[in-house]
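Here the structure is a predicted model, which means the values were calculated and not measured.
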Amino acid sequence: MSEPPRFDRGHTDDLMSFLAASPTPYHAVANAAERLEKAGFRQVAETDVWDGTAGGKYVLRGGAIIAWYVPEGAAAHTPFRIVGAHTDSPNLRVKPRPDSGAHGWRQVAVEIYGGPLLNSWLDRDLGLAGRLSLRDGSTRLVNVDRPLLRVPQLAIHLDRSVNADGLKLDKQRHMQPVWGMGDDVRDGDLIAFLEETSGIPSGEVTGWDLMVHSVEPPAYLGRDRELVAGPRMDNLLSVHAGAAALAAVANRGADLSRIPVLAAFDHEENGSQSDTGADGPLLGSVLERSVFARAGSYEDRARAFAGTVCLSSDTGHAVHPNYAERHDPTHHPRVDGGPILKVNVNNRYATDGSGRAVFAAACERANVPFQSFVSNNAMPCGTTIGPITAARHGIRTVDIGVAILSMHSARELCGAQDPFLLANALVAFLDG
């Protein structure tokens with residue numbers, strides 16, 4: 001293999017901006033759509049009649065986005081090349097009755113979403129963001145991106161054994177953040193604050209999907225700034241790379257033999273079973289409607305799906321220098337070693353030998369090195385949208401990603417080059 005692409009720090013700079021501007025899945029898909037709009041894509045509504053014209057299009061539904069580019073003259077049975085990812089990350093989410101407090105402290109009642117490293121949310125300056133639903137049926141994104149909340153840890157003087165016995169956190173009692181002082185806790189205070197902050201008339205917010213986020217911005221780290229620390233890399237790193245790759249491929253779309261697609265779903269961290277999750281009907285509906293809009297038949301749909309390949313791109317575990325025994329002894333993915341190919345024979349990942357060949361060919365065309373990841377046999381293996389996508393739609397799927405440390409922490413760590421290498425591999429895959 002020749003030299004890999006020269007590292008473009010501009011891509012990683014843009015990733016960091018994307019992470020900072022995307023504290024929730026709703027913000028992430030809005031920002032991805034904005035990048036695609038600049039590349040000539042246009043939004044289509046699911047309630048409208050779709051046409052079969054060429055060009056870039058996308059659908060937004062909640063915290064999910066499906067975008068695709070139809071080359072000029074594409075036949076109805078043209079297969080798809082899909083980059084799959086997810087927009088959600090483990091965090092703390094606001095309950096239906098958010099206003100609480102005790103002993104002179106005003107607090108916000110939160111529920112644990114997914115499987116976060118709870119200790120990583122302690123003593124951290126937190127903002128609040130999400131989606132507000134208004135009385136007229138519209139929605140409004142909100143982002144209070146300043147220190148607003150904090151989950152205070154118990155002082156060591158009141159828990160002398162914490163360093164010896166380990167920190168034990170009760171999800172209900174110990175994870176409720178404070179956001180002020182006072183004994184006069186009143187229902188509606190938090191939502192009234194958000195209405196005022198967002199310039200929404202009082203009483204117009206009737207529903208909300210809100211979550212907390214660390215307000216510390218992403219940053220380069222290390223002697224030579226060769227690492228990146230930031231929030232929500234699992235899995236906005238893949239969403240950003242997928243959007244960048246789709247936009248790049250669309251710029252030379254006349255030469256495409258397949259229809260490139262970005263499918264970024266919500267709710268992967270809790271099972272994907274929703275109308276915006278990978279186990280829902282959204283992707284299949286969009287792909288089928290694209291076929292039928294080009295005057296295709298069910299036979300054309302079947303042919304297109306039979307030739308389709310999906311790369312399920314999600315983060316994976318880099319070898320940890322302090323816990324190397326937790327990894328498979330012969331598979332030690334390193335940061336900045338290139339994307340990882342994720343394999344599990346019990347189908348927690350969807351990769352098989354033929355899928356490996358597809359990814360290897362894409363990396364070879366892009367001059368991008370890649371690594372293999374497999375779990376230690378004594379450790380349970382996580383999973384992704386990959387097996388769900390393969391089973392639900394009957395399409396060949398390959399699990400890949402970028403190796404990181406501190407997965408599911410409020411702040412994760414990756415190599416500064418890997419996001420760029422992943423994007424290059426995705427371009428070669430979509431272009432193939």
Side-chain angles (χ1 to χ4, degrees), residues 20-27 62-63 88-114 116-160 162 167-217 231-232 270 409-411:
S22 305
T24 75
Y26 314 112
H27 291 82
D88 59 319
S89 301
N91 58 15
L92 313 179
R93 302 204 173 188
V94 175
K95 288 184 174 181
R97 295 188 62 184
D99 299 290
S100 66
H103 307 292
W105 294 99
R106 300 180 72 178
Q107 295 177 275
V108 174
V110 296
E111 189 173 5
I112 309 301
Y113 177 82
L117 283 169
L118 294 178
N119 64 293
S120 71
W121 292 88
L122 301 178
D123 297 331
R124 191 179 291 274
D125 294 339
L126 303 172
L128 187 66
R131 179 179 65 175
L132 301 175
S133 298
L134 308 186
R135 194 175 299 278
D136 64 3
S138 64
T139 59
R140 182 85 63 86
L141 295 185
V142 60
N143 183 10
V144 183
D145 196 30
R146 66 170 178 84
L148 180 69
L149 308 103
R150 186 179 180 91
V151 183
Q153 188 170 188
L154 185 65
I156 193 169
H157 312 80
L158 304 178
D159 187 6
R160 297 283 185 178
V162 63
L167 178 65
K168 297 178 176 62
L169 293 172
D170 183 283
K171 292 180 179 180
Q172 178 63 36
R173 293 184 296 125
H174 299 151
M175 297 305 298
Q176 308 306 310
V178 299
W179 76 305
M181 298 160 52
D183 293 308
D184 57 337
V185 175
R186 295 182 300 271
D187 282 345
D189 277 358
L190 180 67
I191 300 306
F193 164 76
L194 293 175
E195 287 176 331
E196 181 181 1
T197 300
S198 305
I200 299 171
S202 177
E204 286 300 303
V205 173
T206 55
W208 52 88
D209 301 280
L210 299 167
M211 55 204 78
V212 305
H213 65 277
S214 171
V215 299
E216 184 181 3
R232 299 175 295 279
N270 62 9
S409 171
R411 197 166 176 85

Non-hydrogen side-chain atoms of [X] and [Y] separated by less than 4.5 Å:
{"X": "Arg131", "Y": "Val142", "answer": "no"}
{"X": "Asn91", "Y": "Trp121", "answer": "yes"}
{"X": "His157", "Y": "Arg160", "answer": "yes"}
{"X": "Leu190", "Y": "Leu128", "answer": "yes"}
{"X": "Ser89", "Y": "His213", "answer": "no"}
{"X": "Asp187", "Y": "Arg97", "answer": "yes"}
{"X": "Leu132", "Y": "Ile200", "answer": "yes"}
{"X": "Val110", "Y": "Val151", "answer": "no"}

Measure the [atom1]-[atom2] distance between [X] and [Y] for me, rounded to the nearest 0.5 Å.
{"X": "Asp145", "Y": "Leu126", "atom1": "CG", "atom2": "CG", "value": "11.0 Å"}
{"X": "Ile112", "Y": "Met175", "atom1": "CD1", "atom2": "CE", "value": "5.0 Å"}
{"X": "Leu154", "Y": "His174", "atom1": "CG", "atom2": "NE2", "value": "7.5 Å"}
{"X": "Ser409", "Y": "Asn119", "atom1": "OG", "atom2": "CG", "value": "7.5 Å"}
{"X": "Leu92", "Y": "Met211", "atom1": "CG", "atom2": "CE", "value": "10.5 Å"}
{"X": "Asp209", "Y": "Thr24", "atom1": "CG", "atom2": "OG1", "value": "9.0 Å"}

Quick one: do Arg186 and Asp99 satisfy salt bridge (charged side-chain N to carboxylate O under 4.0 Å, His left out)? Show the steps, please. CA-CA 7 Å; Arg186 295 182 300 271; Asp99 299 290; over 6 Å; no

List the atom pairs, with distances to 0.1 Å, where a side-chain N or O of residues 101-108 and a protein N or O form a donor-acceptor pair under 3.5 Å, not counting sequence neighbours.
{"from": "Arg106", "atom 1": "NH2", "to": "Asp189", "atom 2": "OD2", "distance (Å)": "2.4"}
{"from": "Gln107", "atom 1": "NE2", "to": "Gln176", "atom 2": "O", "distance (Å)": "3.2"}

Under the criterion side-chain hydrogen bond (donor to acceptor under 3.5 Å, both in side chains), I'd like the reasoning laid out for Asp136 against Ser138: C-alpha separation, chi angles, the key distance, then a yes or no. CA-CA 6 Å; Asp136 64 3; Ser138 64; 2.6 Å; yes

Take a 6.0 Å sphere around NZ of Lys95 and say whether it holds more than 12 heavy atoms from other residues, nucleotides or ligands. yes

Can you see which heavy atom on [X] is nearest to which on [Y], and at what distance?
{"X": "Ala109", "Y": "Ser100", "value": "N-OG, 3.8 Å"}
{"X": "Gly130", "Y": "His27", "value": "O-CE1, 3.6 Å"}
{"X": "Gly127", "Y": "Leu149", "value": "O-CD1, 3.8 Å"}
{"X": "Val144", "Y": "Phe193", "value": "CG2-CE2, 4.3 Å"}
{"X": "Pro96", "Y": "Trp208", "value": "O-CZ2, 3.0 Å"}

Strictly distance-based, threshold 3.5 Å: is any side-chain N or O of [X] a donor or acceptor partner for the main-chain N or O of [Y]?
{"X": "Asp123", "Y": "Gln153", "answer": "yes"}
{"X": "Arg135", "Y": "Gly203", "answer": "yes"}
{"X": "Ser120", "Y": "Ala410", "answer": "yes"}

Going through the checks in order, is the side chain to side chain contact (heavy atoms under 4.5 Å, CB included) test met by Tyr113 and Asp88? CA-CA 10 Å; Tyr113 177 82; Asp88 59 319; 2.6 Å; yes

